[in-house]
Amino acid sequence: MFLNQFLFLAAILFCIGIYGVLTRKNGVLMLMSIELILNSVNINLVAFGAYHQHIAGQVFALFVIAVAAAEVGVGLAIVLLIYRNRRSINVAEANLMKG
Amino acid sequence: MIAAEFPYWATSIFKLGMALAVVLAPAGLTVYLYLFKMVSFMQSRLGPMEAGPYGSMQLLAEVGKWAQKEDIVPERSDEFVYKAAPYVVLLSTFLLALVVPFGPGAQFVDFDTGIFFALAVSSVSVVGILMAGWASASKYSLMGGLRAAGQLIAYELPLVLAVVGVVIQAGSLNMQDIVTAQTTGEIFGWGAIGNPFIITQFVGFIIFLIAVQAELTQTPFDMPIAESELVSGYMTEYSGFRFLLFFIGEFATANIFAFLASVLFLGGWSVPPFVMDAIPGLAPEVTGLAGALNGTTGAATASFSSWFNLLGPIVMATKMLALTFIVYWVRFTFPRFREDQLQRFAWKVLIPLALINITVTGVLKVVF
Amino acid sequence: MSVLAVIAQESALSDQGAWIANIFFYAIAAVAIMAALKMVTTQNVVHAALYLLVVLTAVAATYIVLGAEFAAVTQALVYLGAVMVLLLFGVMLTRAKIGIETDLDHEQKWMGALVAVVTGAVMGYSLWEAFGDVKLPADQMPQTTQQVSDSIFSTYIVPFEALSVLLLAALIGAVVVARRD
Amino acid sequence: MALVPGVIKGLGVTFGEIVKTVTKGAATVQYPHEKEAPPPRARGVIALLEENCTACMLCARECPDWCIYIEGHKTLAPPRRAGGNPRSVNKLDRFDIDYALCMYCGICVDVCPFEALFWSPEYEYSEPKIADLLHDKSRLGQWMETVPEFESYEAGAEVKQKKVPRP
């Protein structure tokens with residue numbers, strides 16, 4: 001097995017995630033795209049861990065998973081707050097600070 | 001005992017058949033014994049008596065009835081998600097069955113992280129329930145799905161935390177190692193009954209049973225399908241075969257959780273050491289026990305007689321029946337919690353209790 | 001997933017069986033990419049969440065192919081059990097409609113697509129240059145849970161503790177933000 | 001924690017009931033194989049004593065769900081005393097009760113001024129077709145055989161005199 005096949009999978013998922021973050025207006029969908037990006041990074045970490053025969057890759061992937069869980073928790077709380085105040089989770093409408 | 005080598009495809013087909021048997025046969029047995037008969041006796045009646053001797057074929061009649069009913073899909077529902085949801089719930093049941101050991105070799109997959117895997121896949125059913133609740137296009141279903149998700153997430157935590165105590169004591173996440181640790185363990189030097197963790201982890205056992213009751217949405221915790229408030233919760237719109245899938249999923253999962261509990265707390269497929277010593281050829285050869293007891297290595301390893309591959313399923317079935325008896329006994333005794341009482345019970349009672357249990361177990365593990 | 005684990009582990013260890021793991025990998029990768037594409041293009045929020053679920057499962061399967069069993073199970077526990085349920089919960093609390101929703105995307109989709117393609121091209125080129133035909137070690141051992149825990153509780157104990165504090169802060173923060181007063 | 005004894009007590013109640021059912025038998029009977037004898041005043045089916053009925057329609061009007069259908073015509077009956085004029089009486093053509101609609105409230109039995117309707121404890125008259133639950137007056141008359149003679153509520157109590165004697 002080539003190392004590159006895992007890295008290319010990660011790269012493709014990463015780009016799809018970027019596309020999602022840039023084009024979506026819905027707050028929850030943006031959070032989902034960010035999850036996709038974090039997961040592609042995780043594939044990279046685990047693949048390099050397997051390549052170097054070192055446990056650090058897996059450990060860092062675990063750390064990223066934990067951070068992602070925290071991120072989703074806070075992110076979803078913010079989205080719910082936006083929904084409660086504006087009856088919509090369209091992030092393009094959350095522009096009160098715009099000059 | 002079985003010396004012949006089978007090709008990979010033969011063992012795969014055998015395992016597939018066994019998986020169906022492991023999921024369906026105990027489900028049918030417990031539904032007949034407890035859901036049909038025991039609850040009837042609790043209400044001073046006899047239950048089904050007509051289909052087969054003592055009504056034992058009643059379940060087949062019910063399955064036949066469900067199978068011929070019309071498969072109704074609500075008009076404004078999301079059809080694909082609606083149809084897929086029962087299969088997701090059932091998938092979680094089958095994935096749970098994969099890691100349960102029924103003997104030293106009688107296991108579908110011997111995962112290094114067996115119990116952790118079981119707890120992980122048990123939460124897949126929540127996704128199926130949410131899918132069913134959302135796709136039905138009914139407010140009762142949606143309310144039921146949301147309630148189920150909130151409840152299952154809340155009780156997932158005490159479930160996992162109760163297992164952590166066992167894992168600390170056994171020194172392994174592998175289910176075979178947990179069984180070995182209980183069989184070869186000693187209670188202050190007295191090893192006649194081994195060390196089933198129900199004795200040392202009694203608090204964990206109680207928390208595990210309560211959390212399982214909630215995970216299965218059995219009665220004191222049945223707000224997701226509260227029939228007096230929500231018609232039938234997330235399965236309101238389902239009929240016929242798809243309802244049957246939900247039904248199988250619910251009762252088969254109850255059995256598999258009972259299997260897991262018997263592995264974690266009652267010694268799994270093995271029998272107490274004094275029984276094994278009494279019967280020639282059953283006693284295991286234990287290596288690494290001294291290291292496991294004083295904490296220098298993870299778990300002791302033991303090679304068991306392969307007779308346990310036949311004996312183990314029987315032992316497991318006995319323990320499973322005893323534990324599901326408790327589940328259904330509680331189910332048919334107590335009335336339903338209120339929604340806020342449910343969440344308060346999980347977060348303010350069970351989780352702190354489980355955390356204290358973990359702390360005490362950890363301290364004692366280091367001290368002894 | 002588990003049958004996959006057996007085949008992947010048995011075959012990844014032996015050189016002549018590595019192609020089985022390869023076939024599994026390409027199948028998983030195809031599923032993951034298709035589901036990811038559907039996720040960013042579908043016009044239904046719940047469908048997007050379910051497609052993300054497929055991607056996350058495929059990623060867990062990839063970890064198993066790479067011999068990282070503990071990470072795979074953690075992925076299942078945290079993502080499938082907690083994060084996805086949380087996301088679906090959020091989607092349903094914000095009244096996701098059944099059927100097609102308009103107004104989920106910005107008007108200038110092509111800008112996003114351009115950025116993604118350019119990023120992908122840059123990363124693809126550099127990956128090809130750096131690791132053109134580097135192979136994974138054929139005789140790799142699966143990384144056991146014991147190694148992971150030993151590593152976390154010795155070398156990486158400080159990040160681990162920092163992460164615990166972060167999780168606690170996130171927990172309290174989420175409660176404070178979402179609380180209705 | 002204070003709730004724990006109550007929880008255990010509750011489990012004891014249901015377990016005790018299991019033991020009671022297993023040792024002493026259930027409170028229910030296995031119906032088609034063994035039958036319970038209903039008490040004589042049980043509300044099983046309504047019987048019609050046709051001779052007493054005057055087609056006054058009181059029962060049909062008082063019926064809450066309108067399940068009684070009565071048709072009749074005027075006819076001449078012989079005089080009570082010799083030499084008198086013939087009496088004009090109502091002859092009953094049709095008296096049907098639809099047991100698919102009846103809710104067994106018994107108001108018709110109560111309001112009947114001529115003691116033409118009686119409760120019978122008979123209950124085995126279910127039908128495969130719902131239309132067959134419409135009992136006509138001959139069927140309702142047959143139920144009269146099953147109407148028991150009541151015992152008085154208390155021993156030695158004054159027996160209510162029936163205005164119209166039963167045959």
Side-chain angles (χ1 to χ4, degrees), chain A residues 1-9 11-26 28-29 31-33 35-36 39 42-43 46-47 49-51 53 55-59 61-63 65-74 76-81 83-84 89-90 92, chain C residues 18 21-22 25 29 32-33 36-37 40 45 48-49 52 55-56 59 62-63 66-68 70-71 74-75 78 82-83 86-87 90-91 93-94 104-106 109 112-113 115-116 119-120 123-124 127 131 133-137 140 143 147-148 151-152 156 159 163 166-167 170 173-174 177-178:
Chain A
M1 285 195 288
F2 292 101
L3 174 61
N4 247 348
Q5 62 195 52
F6 296 98
L7 301 185
F8 269 110
L9 171 66
I12 293 169
L13 289 182
F14 188 85
C15 296
I16 295 173
I18 284 185
Y19 172 78
V21 172
L22 288 179
T23 52
R24 292 299 200 180
K25 279 199 290 191
N26 185 304
V28 180
L29 286 174
L31 276 179
M32 288 180 199
S33 304
E35 290 303 312
L36 195 59
N39 264 281
N42 269 355
I43 295 180
V46 175
Y51 172 58
Q53 296 285 343
I55 203 74
Q58 212 186 131
V59 172
L62 292 176
F63 286 164
I65 290 175
V67 172
E71 172 254 320
V72 166
V74 177
L76 214 57
I78 293 172
V79 169
L80 279 182
L81 199 66
Y83 178 76
R84 204 181 296 147
I89 46 173
N90 191 337
Chain C
N22 254 334
F25 170 77
I33 291 169
L37 281 174
V40 292
V45 187
L52 179 60
V55 179
L56 295 177
V59 170
T62 317
Y63 295 166
L66 284 166
F70 190 76
T74 312
Q75 169 100 359
V78 174
V83 169
L86 210 59
L87 279 175
V91 165
L93 280 181
T94 51
L104 286 180
D105 290 343
H106 283 292
K109 277 190 199 173
V115 172
T119 319
M123 280 199 295
L127 283 178
F131 304 104
D133 49 357
V134 178
K135 283 193 174 181
L136 286 182
Q140 54 167 299
Q143 301 168 332
Q147 284 173 298
V148 174
S151 174
I152 287 181
Y156 301 104
L163 193 64
L166 173 77
L167 271 177
V177 169

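Chain letters run A, B, ... following the sequence lines, proteins first, then strands; residues in each count from 1.
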In terms of heavy-atom proximity below 4.5 Å to chain C, should Ile43(A) be classed as side chain, backbone, both, or neither? both
Which atoms of Val78(C) are under 4.5 Å from chain A, going by heavy atoms: the side chain, the backbone, both sets, or neither? side chain
Residues at least two apart in sequence or cross-chain that pass side chain to side chain donor-acceptor pair (under 3.5 Å) with Glu71(A), listed by chain then number, are none
Between Val28(A), Ile18(A), Leu22(A), Ile55(A), which shows the greatest number of heavy-atom pairs under 4.5 Å with chain C? Ile55(A)
Shortest non-hydrogen contact from Ala47(A) to Leu7(A)? CB-CD2, 4.4 Å
Provide the closest heavy-atom pair for Tyr156(C) versus Ala56(A) in the form atom of the first, atom of the second, distance. OH-CB, 3.1 Å
Chain A contact via Phe25(C) - side chain, backbone, both or neither, heavy atoms under 4.5 Å: side chain
Chain A contact via Leu163(C) - which portion, at a heavy-atom distance below 4.5 Å: side chain
With a 4.5 Å cut-off on heavy-atom pairs, point out which of Leu31(A), Val74(A), Val46(A), Asn26(A) contacts chain C the most. Val46(A)
Distance in Å, Asn42(A) CG paired with Tyr63(C) OH, rounded so as to fall on 0.5 Å steps: 3.5 Å
Among the options Thr119(C), Thr74(C), Val148(C), pick out the one with the most heavy-atom pairs lying under 4.5 Å from chain A. Val148(C)
Count the heavy-atom pairs under 4.5 Å between each of Gly17(A), Ala70(A), Ala61(A) and chain C, then report the option with the highest count. Ala70(A)
Measure across Cys15(A) and Met123(C) and return the closest heavy-atom pair with its distance rounded to 0.1 Å. SG-CE, 3.7 Å
Given Ile78(A), Val72(A), Val59(A), the one with more heavy-atom pairs under 4.5 angstrom with chain C than any other is Val59(A)
Do you know which of Ala48(C), Gly173(C), Ala82(C), Ala36(C) has the most heavy-atom pairs with chain A at a distance under 4.5 angstrom? Ala36(C)
Can you see which heavy atom on Leu9(A) is nearest to which on Ala32(C), and at what distance? CD1-CB, 4.4 Å
Would you mind reporting whether Leu13(A) and Asn39(A) have side-chain heavy atoms less than 4.5 Å apart? no
Is the closest side-chain heavy-atom distance between Glu35(A) and Val55(C) below 4.5 Å? no
Please classify the contact between Phe6(A) and chain C as side chain, backbone, both or neither, with a heavy-atom cut-off of under 4.5 Å. both
Given heavy-atom pairs under 4.5 angstrom as the criterion, report whether the side chain, backbone, both or neither of Ile12(A) touches chain C. side chain
Go through the atoms of Ala71(C) and report whether side chain, backbone, both or neither lie under 4.5 Å from a heavy atom of chain A. both
Name all residues meeting the side-chain contact (heavy atoms from CB on, under 4.5 Å) criterion together with Val40(C); count only those two or more places apart in sequence or in a different chain, and write none if there are none. Ile16(A), Tyr19(A), Ser33(A)
For the student: nearest non-hydrogen atoms of Ala77(A) and Ala174(C), plus distance: CB-O, 3.7 Å
So which residue, Leu81(A), Ile65(A), Val67(A), ends up with the most heavy-atom pairs under 4.5 Å with chain C? Ile65(A)
By a 4.5 Å heavy-atom criterion (distance strictly below it), what part of Leu52(C) contacts chain A: side chain, backbone, both, or neither? side chain
